[in-house]
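The chains referred to below are lettered A, B, ... by the order of the sequence lines, with proteins before strands, and numbering in each begins at 1.
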Amino acid sequence: MSALTRRAALALLAAPALARAQGQARLVVVGGGFGGASAARFARLTAPEVAVTLIEPQPRFITCPYGNLVLGGLREMDTITFGYAGLVKLGVRVVQDRAVGIDPVARRVRLGGGESVEYDRLILSPGIALRWDAIEGYDEAAAQLMPHAWIAADGAQLRLLQRQLQAMPDGGVVGLAIPPNPFRCPPGPYERISMIAHWLKRHKPRAKILALDAKERFSKQPLFQDAWRALYGGMIEWVPGNVDGRVVQVDARARVLETELGTRHRVDVANVIPPQSAAAIALDSGLADRSGWVPVDYRSFEARNAPGIHVIGDANQPGPMPKSGFIANNSAKQAVASALAALRGAPPPEGVYFNTCYSHVAPDYGISIVGIFRPNADGSAVIEDRDGGGTSPRGDLPDQRRLEAGYADAWYESITADMFSDA
Amino acid sequence: MTHRPSRATLLFGLLAVAPLPAAAETGALVAQGCLGCHGPNGAGMGPVPALAGRDGAELRALMQAFRDGTRPATIMDRIARGYTEAEVAAAVEHFAGSR
Ligand SMILES: Cc1cc2nc3c(=O)[nH]c(=O)nc-3n(C[C@H](O)[C@H](O)[C@H](O)COP(=O)(O)OP(=O)(O)OC[C@H]3O[C@@H](n4cnc5c(N)ncnc54)[C@H](O)[C@@H]3O)c2cc1C
C-alpha cells in the first residue's frame, strides 16, 4: 500500500471502534462497474479491517467509455475489458451473481442463486436500465436489429453495431436516435457520431450520419460542431428536437426511425439510444421515485427513503452532475467514507465531487468538460462551482486537441486502474 | 524506496491515531479525485505528470499558477479554479511526502 493510500486510510479511518454486528463490519457492494468496483477497491485500501463483498453477475466488465473508440477503429474490444482478479487479490469477496432483492430492515441482499448476503452498510451501483416502453416498437427484440450499445454487458451490442457498420453499403445512412436528458453520459452520443464518422470517412466515404435528437442542445456542442465541420464536412446531419428530431416510433425490420411529426427516416444502420431509468434492482426495491432515479442525500449518497443504503453512479438523481464514470468513481469514495463514518457514529466528511469527460472526435483530437460540485448544508442539492470547470477553449487549437487526446488515454488508464488494479 | 508497513502494523497504526479533523479527511477525498488522471496513488500516467512524493510548496505554487493562468494548461486551469485554497492545500498534503 502506497504512502498516499496509507494517508487516506489514516484520514478516513481514524476509527478506534467500528460498530459491527458480529465481529468484522460488513460492507456489501452491488454492481462491479464504475461505481461499485471503485467502492470495493477503495474500501479495501482504506479500511482493511472491514469485510467487503462485491456482487456482480458478469465475469468480466467491459467499459462503456472507449467503446466508441472501438467503433472508430482506434481500439480493440479486449483493451476495454477488465476482470475482477485484482479486487480478489486485495481481499474483496467477489460473488458472481445478481442481486434480486433487498431487505433494508434485516439488512440483507437476496441473490439470484438463492444465497443471501448480510450487510452493515450497502453500496448500490447497478447502473441503468433502458426504458423499453419509451419508443414505440423499440423493445428487446428490436434491439437485436437496431442496437443501443448503451449498456456494455457482454459486449454483444457494441459488436452488433460494429458489424452492421461494416456490412453497410458505401453511400448508406447511419441513423441515431438520441434521448432527452437525463441519460447516461451526456457527451456520449456525440462522441459516438464523431467516431463513426471517422471510421466511415476511411472505409465508406460516401456514407452519411443522420442524428435525430430529442434535445435542442447538448454537451460540448460548439466544440463538437466545430470539429464536425472541420473534419467530416457534410457527412453529419444533426436534427434537434424542435426541428422534429425526436424519435417516437421505430420499425426495426424496415429500419425506419419515425419522429414526432410523423416523418419516417429509412436508414441502413440504426443506433437507438432510448430513454433510461435506474437499473431494475433500484426500481424493484422501491428506492427510485417516479422520475425513475433514486433520490439521495448528496452528503453521503444515502437513499432518501432507505438509510444505510448508499446509491451511487448512474442510478441516482445526480442534480447538475452528469451520469459519468468519473462521477461514479468519485462518489463511490464519498459513499465509502460516509459508510465508514456512519459505522463509527460520525457524520459524512465534507464532500467535493469532481468530473471530467473527455471525448475523442478524431484520433488526435480530444475535447473535455470539467465540473466541480459540492453538496449544500442539508444534502438536499448539489451545487456546481462557478469559478472552475467548463469546456476546452474553442478555436483552431491543434496542440490543445492533440494533447487532450493523449490525456484522455491517461484518464482511461488511470480510472480503470483505480477500479480494478491489485495495488 | 519508502518503508512499506505490513497490514498488521498499518492496522495497529490506524487504531493508535486519534481521529483527524474533517479538513484532512476532505483533503484525502479531494486528492482521490486527482487520481482519475494522475495515475494510481498520483504516481503519474503516460503524459500526465506525477504528484506523489513532490514538495508541497512546489505543488501549491503550480496550482496557483494554473489558477492565475500563468502556466500553460489544457485542463489544470479549469480544475485549479474550482477548488478553494484550503482544499488544494489539504489535497497537496496528501501527495507531498508520498511516493
Ligand atoms: C458510449 C459511452 C461512452 C461513455 N464515455 C464515458 C467517458 O468517457 N467518461 C465517463 O466518465 N463516463 C463515460 N460513460 C458513462 C459511464 O459508462 C457510466 O456513467 C458509468 O458506467 C456509471 O457507473 P455505474 O457504476 O453507475 O454503472 P456501470 O458502470 O454500468 O456498472 C453497473 C454494474 O452493475 C451490475 N449490475 C446491474 N444490476 C445488478 C444486480 N441486480 N446485481 C448485481 N450487479 C448488477 C452490472 O452488470 C454492471 O457491471 C460512457 C457511457 C457510454 C454509454
Side-chain angles (χ1 to χ4, degrees), chain A residues 1-17 42 46-49 326 329-330 333-334 337 341 344 346-347 349-356 366 368-372 385-392 399-400 403-404 406-407 409-411 413-415 417-418 421 423, chain B residues 2-7 10-11 13-48 51-53 67 72-84 87 90-91 93-95 97-99:
Chain A
M1 188 181 297
S2 77
L4 172 66
T5 324
R6 210 154 61 230
R7 280 157 161 265
L10 291 175
L12 293 173
L13 208 94
F42 186 64
T46 56
E49 74 288 10
F326 209 138
N329 164 273
N330 208 234
K333 294 167 177 180
Q334 180 74 8
R344 57 176 199 262
E350 230 168 86
V352 191
Y353 311 133
F354 182 85
N355 181 64
T356 291
S368 63
I369 183 165
V370 174
I372 293 136
D385 186 280
R386 285 154 173 261
D387 300 324
T391 59
S392 313
D399 289 341
Q400 164 96 21
L403 285 169
E404 287 216 273
Y407 291 143
D409 294 348
W411 166 79
E413 299 307 323
S414 294
I415 204 103
D418 204 44
S421 102
Chain B
T2 47
H3 168 66
R4 279 159 194 258
S6 71
R7 187 147 283 173
L10 177 68
L11 202 54
L14 281 178
L15 298 177
V17 291
L20 289 184
E25 194 166 7
T26 299
L29 287 163
V30 171
Q32 285 294 322
C34 316
L35 306 188
C37 299
H38 283 274
N41 307 311
M45 180 60 83
V48 179
L51 302 176
R67 188 198 287 263
T74 58
I75 199 165
M76 278 310 299
D77 48 347
R78 288 176 275 151
I79 294 174
R81 287 185 197 120
Y83 289 106
T84 65
E87 285 164 349
E93 273 309 298
H94 284 272
F95 291 113
S98 67
R99 217 174 292 275

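At a 4.5 Å heavy-atom cutoff, B:A80 makes no contact with chain A through either its backbone or its side chain. Neither the backbone nor the side chain of A:S421 comes within contact range of chain B; no heavy atoms are under 4.5 Å apart. Looking at A:I415, the atoms closer than 4.5 Å to chain B (heavy atoms on both sides) sit in the backbone and in the side chain alike. For A:N330, the part lying under 4.5 angstrom from a heavy atom of chain B is the side chain only.
For the residue pair B:I79 and A:I372, the shortest heavy atom distance occurs at O-CD1, 3.7 Å. The two residues B:G39 and A:S414 make their nearest non-hydrogen contact at N-OG, 3.1 Å. Closest approach of A:T391 and B:R78 over heavy atoms only: C-NH1, 3.2 Å.
The CZ atom of A:F42 sits 9.0 Å away from atom CG of B:L35, with the distance rounded to the nearest 0.5 Å. The CE atom of B:M45 lies 6.0 Å from the CD atom of A:E413; values are rounded to the nearest 0.5 Å. In this structure, CZ on A:F354 lies 6.5 Å from SG on B:C37, to the nearest 0.5 angstrom. In this structure, CZ in B:R67 is found 8.5 Å from CG in A:D387, a value given to the nearest 0.5 Å.
Listed by chain and residue number, A:Y407, B:T74 satisfy the side-chain contact (heavy atoms from CB on, under 4.5 Å) test with A:L403 (two or more places apart in sequence, or in another chain). Looking at residues two or more places apart in sequence or on another chain, you find a salt bridge (charged side-chain N to carboxylate O under 4.0 Å, His left out) between A:D385 and A:R374.
Considering only heavy-atom pairs separated by less than 4.5 Å from chain B, the leading option among A:S368, A:A417, A:P347, A:G406 is A:S368.
The side-chain heavy atoms of A:P349 and B:L29, taken from C-beta on, include a pair separated by under 4.5 Å.
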